[in-house]
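To keep things clear, I will list the structure first and then write my remarks on it.
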Amino acid sequence: MAVYWVTGLSGAGKTTIGWKYYLHLKSTLDNVVFLDGDELREVLGGDFGYELQDRKKLAYCYARISKMLSDQGIHVVIATISMFNEVREWNRNNIDNYVEIYIKVPIEILIERDQKHIYSNNEKNIVGFNINMEEPINPDIVILNDGLSSPEMLVSEIISALRNKDKQFK
C-alpha cells in the first residue's frame, strides 16, 4: 500500500490533481481512499486554528491517519498544504511506500487564480503569502502547475514519473 502525499500552497491544484489521481487508481484498485486537508480539518471537529502550532498538530494528525489506513491495506491519496518539513520527514520515516508529490505554482499565479479569495482578501495566516511554507526538500515528484496543462495532463506526468522512478504503484 502507498500514501501519495500531494502538497502545495492553497490554490495550487492539490485537490483537483489528487482527486483525478485517486480516480485513476480507483479504476484498477478497490482499496483506495482520497483525503482532503480542508475536509479533514472539519471531520476532526474544527477545533484547530490557523496558528503555526495548530497547523503542525493537524499535519501530524493527517500523517497518522494516512499511516493507519496504509497499514490496514488501503492506498491513500491525500491533498494537504503540509507546510512543515518535519512532518514530511516523519512520513518518510514512518510510512511504508510514502510518495511525496509537490504541486508547485508561482505565487503570482496563485494570486491571479485566487479561487478561494484568500489572497485578495488580505487575510492573516496565509501559508506561502504571510506565513512561511517550508518548501519540500526532496519530493519524489515535482509538478509545475502554471495553468498551461490540464489536470489530466498533470496526472499523466505523475504516473509517468512514478513509472520512471520504478515505484511499484500505479
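What you see below is based on every heavy atom in this structure, not just the backbone, and it leaves out hydrogens, waters and symmetry mates. One is the number of the first residue; the rest follow in order along the sequence.
Judged purely by atom type and a 3.5 angstrom limit, Asn97 uses its side chain to pair as donor or acceptor with the backbone of Met1. Judged purely by atom type and a 3.5 angstrom limit, Ser27 uses its side chain to pair as donor or acceptor with the backbone of His24. Checked by atom type and distance alone, the side chain of Ser156 pairs as donor or acceptor with a backbone atom of Glu152 at under 3.5 Å. No donor-acceptor pair closer than 3.5 Å links the side chain of Thr7 to the backbone N or O of Tyr102. Side chain of Lys14 to backbone of Leu9: a donor-acceptor contact under 3.5 angstrom is found. At distances below 3.5 Å, at least one donor-acceptor pair connects side-chain atoms of Asn31 with backbone N or O atoms of Gly73.
Under a hydrophobic clustering in which Ile, Leu, Val, Met, Phe, Trp and Tyr are joined whenever their side-chain heavy atoms come within less than 4.5 Å, directly or via other members, Tyr22 and Val43 fall into different clusters. Both Leu23 and Val99 sit in one connected hydrophobic cluster of ILVMFWY residues. Membership requires side-chain heavy atoms under 4.5 Å apart, directly or through other members. Cluster annotation: Leu44 is connected to Tyr60 through the hydrophobic network of ILVMFWY side chains, with a link wherever side-chain heavy atoms come within less than 4.5 Å.
Closest of all the heavy-atom pairs between Phe48 and Arg41 is O-NH1, 2.8 Å. When every heavy atom of Ser149 is checked against every heavy atom of Leu154, the shortest pair comes out as CB-CD2, 3.8 Å. Of all heavy-atom pairs between Gly37 and Tyr62, the closest is O-OH, 2.8 Å. Pro106 approaches Leu144 most closely through the heavy-atom pair CD-CD1, 4.1 Å. The two residues Ile103 and Ala12 come nearest to each other via the heavy atoms CG2-O, 3.3 Å. Taking all atoms of both residues into account, the shortest heavy-atom contact from Ser70 to Ala2 is OG-N, 4.3 Å.
Note: Leu58 CG to Leu40 CG = 7.5 Å, rounded to the nearest 0.5 Å. Taken to the nearest 0.5 Å, the CG atom of Asp146 stands 11.0 Å off from the CG atom of Leu110. Distance check, rounded to the nearest 0.5 Å: CG of Asn91 to CD1 of Ile78 gives 8.5 Å. With values rounded to the nearest 0.5 angstrom, Ile17 atom CD1 is found 6.0 Å from Ile158 atom CD1. A distance of 9.0 Å separates CG in Leu148 from CE in Met153, rounded to the nearest 0.5 Å. To the nearest 0.5 Å, atom CG of residue Asp38 and atom OG1 of residue Thr80 are 8.5 Å apart.
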**Report entry** side chain to side chain contact (heavy atoms under 4.5 Å, CB included) between Val32 and Tyr4, worked out
**Finding:** CA-CA 11 Å; Val32 184; Tyr4 301 94; over 6 Å; no
Query raised in the report: Trp19 and Asp36: side chain to side chain contact (heavy atoms under 4.5 Å, CB included), yes or no, with the steps?
Result: CA-CA 9 Å; Trp19 177 255; Asp36 178 71; over 6 Å; no
Requested in this report: Show your working on side chain to side chain contact (heavy atoms under 4.5 Å, CB included) between Leu52 and Met83 and close with a plain yes or no.
Outcome: CA-CA 10 Å; Leu52 285 178; Met83 59 190 281; 3.4 Å; yes
**Report entry** Worked verdict on Arg92 versus Asp140 for salt bridge (charged side-chain N to carboxylate O under 4.0 Å, His left out)
**Finding:** CA-CA 11 Å; Arg92 285 211 187 278; Asp140 297 292; 3.3 Å; yes
Report task. Go through the steps to decide whether Leu25 and Val77 satisfy the test side chain to side chain contact (heavy atoms under 4.5 Å, CB included), and finish with yes or no. Result -> CA-CA 9 Å; Leu25 291 174; Val77 178; 3.8 Å; yes
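Summarising the local packing, CD of Glu42 is surrounded by 12 or fewer heavy atoms from other residues, nucleotides or ligands at distances under 6.0 Å. Crowding of Asn93 atom CG: a count of heavy atoms from other residues, nucleotides or ligands under 6.0 Å exceeding 12.
Side chains of Glu100 and Tyr98: a donor on one and an acceptor on the other come within 3.5 Å. A donor and an acceptor atom, one from each side chain of Trp5 and Ser66, are nowhere located under 3.5 Å apart.
Within the 4.5 Å cutoff, the side chain of Leu29 has heavy atoms near those of the His75 side chain. By the 4.5 Å heavy-atom criterion applied to side chains, Thr15 and Phe34 are counted as neighbours.
Ion pairing between Arg88 and Glu134 fails under the 4.0 Å rule for side-chain N and carboxylate O.
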